[in-house]
Amino acid sequence: MKLLRKILFPIVPIYYLVTWLRNRFYDLGLFKSQSYPVPIICVGNLSTGGTGKSPMIELLIHFLKDSFRVATLSRGYKRETEGFRLATVSDSAKTLGDEPFQFYSKFYKNVQIAVDSNRQRGIENLLRLPKKPNVILLDDAFQHRKVTAGLNILLTTYQDLYADDLVLPTGNLREPKQGAKRAHIIVVTKCPDDISALEKKQIISKLKPQNNQEVFFSAIEYSEIVFSAEASYNLSNLKTFTLITGIANAGPLVSYLKNSGLEFEHLNFPDHHVFTDAEILKLAQFEILLTTEKDFMRLKVYETLRKKLFFIPIKAVIHEQERFQNLVLNYIKGAV
């Protein structure tokens, strides 16, 4: 794969030019972007995934849901439905996509969860609801410039800063790194617990934020309790198990489990992997299965896995949390 990416390097300037021109046309107003009379917060990245968008959306939901009517709007990647869909009790990962279904499973009492690949149509449908939201969170929409978000939160991982990357196909960037200028807040995610003030300063220097941009750092916190559809256990009680992942970057989770002294076999699948019947049959042969919350949304429907399948919850912990929350709240209050 790495060799193929190097071979495809001559395509990089073409991809760069096409994506740069697209952004430039939006900047000049040649391509139209729609604004809406409601605060819209976009969470996204420049790279092709694995930066921690879902934990960031959940972090925003946690501190906004008690003060605002919040809705999330996602594309609904790999769902089996089309068009606009507002999540209800009859939905699943197949009808919504795994991440929106995860949001719904956790926050259905407080938040409206919707999917639509057409973000303009999705927002318009949300605003027609009897109890329309007064804050909309756009999931993975930094490149969806047909909508003008009032607050853009751009994520980049500690181990793979966009400043060090190239555009596709040799690199992982969806667009040139200059696109970061559209962000109002930049969050460096998945930082080690012992990151120093000096290292933070060095990273900020590498990212070269504009005067109107704020840079924050965050870490992933893993739960000590794992959950199945029927029970919960201390992670330390799982003596041996098989780890199943279908996410963009399983490295941090694997490292955490190994550093916790746990023994396991790791079966790694592509991001948002749709499991075949043969793969489910194979998984059913293992005694204990541990997976991510996102993968659990796709796997829990299989009765053969129900009693042996556990997931480990994670959450984003942002440094300088109060300052971050105040920036978000000030934007919402100013936009109303």
Side-chain angles (χ1 to χ4, degrees), residues 41 43 49-50 52-66 68-81 84-117 122 125-126 129 131 133 135-141 220-233 235 243-248 250 253 269 271-275 280 283 289-317:
I41 302 173
V43 175
K53 294 182 295 294
S54 293
M56 181 57 64
I57 289 287
E58 293 188 2
L59 182 150
L60 291 167
I61 290 173
H62 273 294
F63 85 83
L64 294 176
K65 64 182 176 63
D66 294 331
F68 304 95
R69 287 195 304 276
V70 177
T72 69
L73 179 61
S74 308
R75 176 175 49 164
Y77 184 60
K78 286 195 175 182
R79 63 185 171 120
E80 296 178 358
T81 56
F84 176 79
R85 191 175 186 91
L86 185 67
T88 68
V89 67
S90 63
D91 278 300
S92 67
K94 288 185 176 181
T95 60
L96 295 176
D98 48 18
E99 289 162 338
F101 185 56
Q102 177 179 319
F103 300 153
Y104 178 76
S105 299
K106 299 171 81 168
F107 303 109
Y108 67 92
K109 293 182 179 179
N110 308 99
V111 178
Q112 296 162 313
I113 308 298
V115 293
D116 199 329
S117 59
N125 275 289
L126 283 171
L129 295 175
K131 291 185 178 181
V135 175
I136 296 176
L137 306 179
L138 292 185
D139 177 29
D140 194 13
I220 291 295
E221 184 176 286
Y222 294 93
S223 172
E224 295 181 359
I225 306 297
V226 297
F227 298 85
S228 72
E230 300 178 349
S232 61
Y233 296 94
L235 176 61
L243 176 66
I244 311 298
T245 58
I247 57 178
L253 174 57
F269 296 90
D271 196 16
H272 300 281
H273 180 67
V274 178
F275 292 90
I280 296 301
L283 295 181
L289 299 171
L290 180 66
T291 192
T292 67
E293 192 167 5
K294 184 173 81 169
D295 293 315
F296 184 79
M297 296 299 140
R298 301 196 304 283
L299 290 168
K300 69 177 183 177
V301 297
Y302 297 98
E303 191 62 34
T304 55
L305 305 182
R306 187 174 181 84
K307 292 184 178 180
K308 61 181 65 181
L309 181 67
F310 296 81
F311 72 88
I312 179 168
I314 65 171
K315 66 178 181 178
V317 178

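Excluded from the calculations below are hydrogen atoms, water molecules and symmetry mates; all remaining heavy atoms, backbone and side chain alike, are included. Bear in mind the structure is a predicted one, so any value in this text is a computation, not a measurement.
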So, for Ser74 and Phe103, which heavy atoms are closest and what is the spacing to 0.1 Å?
OG-CE1, 4.1 Å
What do you reckon, is NZ of Lys94 surrounded by more than 12 foreign heavy atoms closer than 6.0 Å?
no
Do you know the tightest heavy-atom contact between Asp116 and Arg79?
CA-NH2, 3.8 Å
All heavy atoms of Gln112 vs all of Leu129, minimum pair found to be NE2-CD1, 3.4 Å
Should the pair Phe275 and Phe269 be assigned to parallel (<30°), tilted (30 to 60°) or perpendicular (>60°) ring geometry?
perpendicular
In terms of side-chain geometry, is the basic nitrogen of Lys53 or Glu99 positioned less than 4.0 Å from the acidic oxygen of its partner?
no
Within a radius of less than 6.0 Å around OH of Tyr108, do more than 12 heavy atoms belonging to other residues, nucleotides or ligands occur?
no
Work out which heavy atom in Val111 is nearest to a heavy atom in Val70; give both atom names and the distance.
CG1-O, 3.2 Å
Is the number of heavy atoms from other residues, nucleotides or ligands under 6.0 Å of Lys308 NZ greater than 12?
yes
Identify the heavy atoms of Pro133 and Ile136 that sit nearest to each other, and give their distance.
CG-CG1, 3.9 Å
Return the NZ to CG distance between Lys65 and Leu137, rounded to the nearest 0.5 Å.
13.0 Å
Between Asp91 and Thr88, which heavy-atom pair has the shortest distance, and what is it?
OD2-N, 2.8 Å
If you measure from the Lys or Arg side-chain nitrogens to the Asp or Glu carboxylate oxygens, is any gap between Glu230 and Arg306 under 4.0 Å?
yes
Atom NZ of residue position Lys307 - does it have more than 12 heavy atoms of other residues, nucleotides or ligands inside 6.0 Å?
no
